[in-house]
Amino acid sequence: MTPQRTAALRRRLLAWFDAHRRDLPWRRTPDPWRIWVSEVMLQQTRVETVIPYYERFVTAFPTAAALATAPVEQALRLWAGLGYYSRVRNLKRAAEATVAERGGVVPDRAAKLAELPGVGPYISGAVASIAFNERVPAVDGNVLRVLSRVCAIETPINTLPGREEITGIAANLVPSKRPGDFNQSLMELGAAVCVPRNPDCATCPVRGQCAAFERGVVDELPRRVAKRKPRIVHAVAAVVRKRGKLLIARRAEGGLLGGLWRLPAVEATGKSAEGAFRREYGLDLALGPRVGEVRHLFTHVDLRLEVHEAKLVAPISGDVQARPKWSTLDSIAKHAVSTLDRRVLAIALNGDPVAE
DNA sequence: AACGCGGGGTC
DNA sequence: GACCCAGCGTT
C-alpha cells in the first residue's frame, strides 16, 4: 500500500462518512459505557434490530455500576429477543469487574478492555477508537469484506490467516487523527455500499482505490472456505448373540473413536454388508431383520447406521486386526464405549441402556 | 481451526 | 432454504 493510496483512502472514507453517516442513538453520545453496550448488542445483530433494545437498556442501566448492581434477571428481561444471551451475562460480569477494580470507570485502552469478559478484538478496538480516540483497528464482518475487496485479498476471510492479514491492513490504515470515525466509515461503507451481493460500486467513494474493482473481481470477493456439510455415511451394525453374550470389536487406534469398543459394523448397505463383515472382522454372518437405525452427526460425518440381527454361520476366522470377541452385557459396560455405540447397544438390547 | 450460540432479514 | 449479520468463548 503506497502512502498516496493510504492517504486517499483515509481522506475519501472520512469525507464520505461525514456526508452519509446514519444518525444512530449510540452516535449521539461520547459515553464509553453506552458505546460499549451498543457494540455488544450489535454483535451478529443488525442495527435496526438493536435500536429499541439499546434505548431501553441504557435507560435502565445508564452506567456500568447500574448494571453491576442489578439482578441478572432484569438485564435478561431487557435482552429478551436479542439472542446470544451469554452476551448480557458477560457484560454484567464485565461491569462488575469494572466497578470492583476501577470504581466503575470504563478502561480507555483496547488492551485493557480486551481483558473483560465478552470483549474481544472487535469490541475492544471499537470502544477504544470511538470513545477514546485510540489508534487501533476494529475489524468486523463489514471491514473484512470491504478490505478484502479494496486490497483484492485472496485469503479466505473465515480463516485465521485471512482475518490476521486484513487486521494488519486495517491497523496500518487507521489514521491517528479520527480513528473512531475512520473505523466506522469502513463499517458504514460495508453496510450501505460495499454490501455482500451486488455492491453499488457506481457510488463508491473509494472505487478508484479498489484493487478488486480495477481487476473486475468484486463479485468474487471476499473469498471464503466453504463450510462443507457432513458427508453421509451408510453403515450396518450386527447384533450377534450367543448365550447372553454379544460380539463386540475394538475400533482401530487413531481413527474415528479410535480404541473404543463397538458392535461390529461396516460401511455398507443391505446384503452387501455380509462380504464386508467377512473381510473386516473374519465374521461369516447371515444378516437378519433390521431392528433399528441410529443417526449420529459428527463434525464431518452424518452417520446413518442400520442395526441388524445376525447369525454366525461359521466360526470366527481369518487374520484380521479387528477380531471380535464375545462379551457379556456386564462386561461390555466396563469397556470404553462411545455415546454413539451406547445408542447402538441400546437398540441391540431392546431399549435396556448399558450401564456406565 | 471449528463450533455453539438466537433471532431475524434477504434473496 | 441458504446465507449473512458492528463476534466471542470454548474445545
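Quick note on labels: first sequence line is chain A, next is B, and so on, each numbered from 1. Atom set for the values below is all heavy atoms of this structure, side chains included, hydrogens, waters and symmetry mates excluded.
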Measure from the side-chain heavy atoms of A/Leu160 and tell me the nearest of B/dA1, B/dG7, C/dC5.
B/dA1
Between P on B/dG8 and CD1 on A/Ile51, what's the gap in Å once rounded to a whole number?
16 Å
Would you find more than 12 non-hydrogen atoms of other residues, nucleotides or ligands less than 6.0 Å from A/Arg12 atom CZ?
no
Apply salt bridge (Lys or Arg N to Asp or Glu O under 4.0 Å) to residues A/Arg22 and A/Glu188 and explain how you reach the verdict.
CA-CA 8 Å; A/Arg22 288 170 289 179; A/Glu188 196 88 338; 3.1 Å; yes
Going by modelled atom types, is there a donor-acceptor pair between the base of B/dG6 and the side chain of A/Thr45 at under 3.5 Å?
yes
Got a second to check how far A/Arg11's CZ is from A/Lys177's NZ, nearest 0.5 Å?
14.5 Å
Under 4.0 Å between a side-chain nitrogen and a carboxylate oxygen: does that hold for A/Lys92 and A/Glu96?
yes
Whole-Å distance, A/Leu91 CG to C/dC8 C1', equals 13 Å
Within residues 12-41 of chain A, residues whose heavy atoms come under 4.0 Å of DNA chain B
none
With nearest nucleotides of DNA chain C determined for A/Asn142 and A/Leu116 from heavy-atom distances, which residue corresponds to the more 5′ nucleotide?
A/Asn142
From C/dC8, C/dC4, C/dA6, pick the nucleotide closest to the side chain of A/Asp140?
C/dA6
Can you measure A/Glu115 atom CD to C/dG9 atom P for me and round it to whole angstrom units?
12 Å
A/Leu82 or A/Glu48: which one's nearest nucleotide on DNA chain B is closer to the 5' end?
A/Leu82
Specify the residues of residues 120-132 of chain A, ordered by number, for which at least one heavy atom lies under 4.0 angstrom from an atom of DNA chain C.
A/Gly120, A/Pro121, A/Tyr122, A/Ile123
Taking only the P atom of each, what is the distance from C/dA6 to B/dG4 in whole angstrom?
22 Å
Using a heavy-atom cut-off of 4.0 Å across all strands, would you classify A/Gly81 as base, sugar-phosphate, or nothing?
sugar-phosphate
To the nearest angstrom, the CZ-C1' distance between A/Arg163 and C/dC8 comes to 11 Å
In this structure, would A/Val136 and A/Phe17 fall into the same cluster of hydrophobic residues linked by side-chain contacts under 4.5 Å?
no
Among residues at least two apart in sequence or on other chains, which ones pass ring pair (Phe, Tyr, Trp, His ring centres under 6.0 Å) with A/Tyr84?
none
Between A/Asn183 (CG) and C/dA6 (C1'), how many Å, whole number?
11 Å
For A/Val119, report the nucleic acid contact type (base, sugar-phosphate, nothing); a contact means any heavy atom under 4.0 Å.
sugar-phosphate
Atom CZ of A/Arg102: over 12 foreign heavy atoms under 6.0 Å:
yes
Write down the distance between CZ (A/Arg197) and P (B/dT10), rounded to a whole number of angstrom.
11 Å
Of the candidates B/dG6, B/dA1, C/dC8, the side chain of A/Arg87 sits closest to B/dG6
Would you tell me if any nitrogen or oxygen in the side chain of A/Gln43 comes within less than 4.0 Å of OP1 or OP2 on C/dA6?
no
Co-membership, hydrophobic cluster, residues A/Leu189 and A/Leu221, 4.5 Å side-chain:
no
The reported gap from CH2 in A/Trp326 to CG in A/Leu247 (rounded to nearest 0.5 angstrom) is 4.0 Å
For a quick test of reading the model: is some side-chain N or O of A/Arg145 closer than 4.0 Å to OP1 or OP2 of C/dC5?
yes
For atom CD of A/Glu214, decide whether the heavy atoms of other residues, nucleotides or ligands shown that lie under 6.0 angstrom number more than 12.
no
Minimum-distance nucleotide (side-chain atoms of A/Tyr84 versus B/dC5, C/dA6, B/dA1)
B/dC5
Closest approach to the side chain of A/Pro161, judged atom by atom: which nucleotide of C/dA6, B/dG6, B/dA1 is it?
B/dA1
Which comes earlier along DNA chain C counting from the 5' end, the contact point of A/Gly141 or that of A/Arg93, where each point is its nearest nucleotide?
A/Gly141
Measure the distance from CE on A/Met187 to P on C/dC4 and round it to the nearest whole Å.
20 Å
For the pair made of CG in A/Leu42 and C1' in B/dG7, what is the distance, rounded to whole Å?
14 Å
P atoms of C/dT11 and B/dG6, separation to the nearest Å
16 Å
Paired with A/Phe57, the side-chain contact (heavy atoms from CB on, under 4.5 Å) test is passed by just one of A/Tyr53, A/Phe61, A/Tyr54, namely A/Phe61
Using the closest heavy atom to pick a nucleotide of DNA chain B for each, name whichever of A/Thr159 or A/Gln44 lands nearer the 5' end.
A/Thr159
